[in-house]
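Structure first, commentary second.
Side chains included, hydrogens not; waters and symmetry mates left out as well; all remaining heavy atoms used. Source: prediction; values computed, not measured. Each residue takes its place number in the sequence, starting with 1.
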Amino acid sequence: MFKSRKIVAGLIIVVALLSIPFFYNLGKSNKAPLIDLDTPAIRQLEVKECIESTEFMKANHMKLLYQWREEGVREGKTEYVNSKGEAYRLSFQTCLNCHYNPGVKTSDQFCVSCHNYAAVKPNCWDCHLLPDPHPD
């Protein structure tokens with residue numbers, strides 16, 4: 001009368017099919033992107049530091065960019081003072097001055113390669129445009 005055997009068998013098959021990707025990738029990891037920090041602007045710097053420490057930037061760069069947007073666009077501020085007391089212009093161009101290499105394809109740039117690796121699609125490029133290094 002009840003079809004419990006068929007239901008249980010069907011559930012086992014569905015669970016097995018849904019778990020194939022997990023077992024297939026078990027123990028594997030994606031290869032991290034090769035990040036080229038050897039841009040012309042960085043080569044010219046005496047001290048190769050970002051506006052904050054590397055650890056801070058890895059963990060908080062998006063928070064910092066959102067803070068800059070809020071302060072620059074909504075509050076009219078034009079300057080950011082870092083943890084060392086150094087002042088920087090509140091502009092996306094401040095980042096691109098060092099982290100954009102005009103000799104490299106846009107898809108291989110510092111920001112793009114990391115965001116692709118992390119499967120993150122930032123909305124920076126909705127308003128900000130990178131120059132095309134290879135115009136047709």
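Not one N or O on the side chain of His99 forms a donor-acceptor pair closer than 3.5 Å with the backbone of Cys95. The main-chain N or O of Lys63 is never found under 3.5 Å from a side-chain atom of Asn60 such that the two would form a donor-acceptor pair.
Taken to the nearest 0.5 Å, the NZ atom of Lys77 stands 11.5 Å off from the CD atom of Glu70. In this structure, the separation between CD1 on Ile7 and CD1 on Ile12 is 12.0 Å, given to the nearest 0.5 Å.
Atom CZ of Arg43 has more than 12 neighbouring heavy atoms from other residues, nucleotides or ligands inside a 6.0 Å radius.
Tracing side-chain contacts under 4.5 Å through hydrophobic residues (I, L, V, M, F, W, Y), one reaches Phe92 starting from Tyr100; they form part of the same cluster. Hydrophobic clustering (side-chain heavy atoms under 4.5 Å, transitive across Ile, Leu, Val, Met, Phe, Trp, Tyr) groups Ile13 together with Ile20.
Annotation: salt bridge (charged side-chain N to carboxylate O under 4.0 Å, His left out) contacts of Glu71 (sequence neighbours excluded): none.
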Please list, one pair per line, the donor and acceptor atoms closer than 3.5 Å that link side chains of residues 47-59 to other protein atoms, with sequence neighbours excluded.
| from | atom 1 | to | atom 2 | distance (Å) |
| --- | --- | --- | --- | --- |
| Lys48 | NZ | Ile42 | O | 3.3 |
| Lys48 | NZ | Leu45 | O | 2.7 |
| Glu49 | OE1 | Lys84 | NZ | 2.8 |
| Glu49 | OE2 | Lys84 | NZ | 3.2 |
| Glu52 | OE1 | Ser83 | OG | 2.8 |
| Glu52 | OE2 | Tyr80 | OH | 2.5 |
| Glu52 | OE2 | Ser83 | N | 3.1 |
| Ser53 | OG | Phe56 | N | 3.1 |

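Across Cys98 and Ala41, no two heavy atoms sit closer than the pair CA-CB, 4.0 Å. The shortest heavy-atom contact between Pro40 and Asn101 is CD-OD1, 3.6 Å.
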### Task
Test side-chain contact (heavy atoms from CB on, under 4.5 Å) on Thr94 and Trp68 and set out the steps.
CA-CA 11 Å; Thr94 301; Trp68 283 22; 4.0 Å; yes
### Message
One pair to check against side-chain contact (heavy atoms from CB on, under 4.5 Å): Gln93 and Leu96. What are the steps and the verdict?
### Response
CA-CA 5 Å; Gln93 192 62 44; Leu96 294 178; 3.9 Å; yes
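At a threshold of 4.5 Å between non-hydrogen side-chain atoms, the residues His61 and Leu64 do not count as touching.
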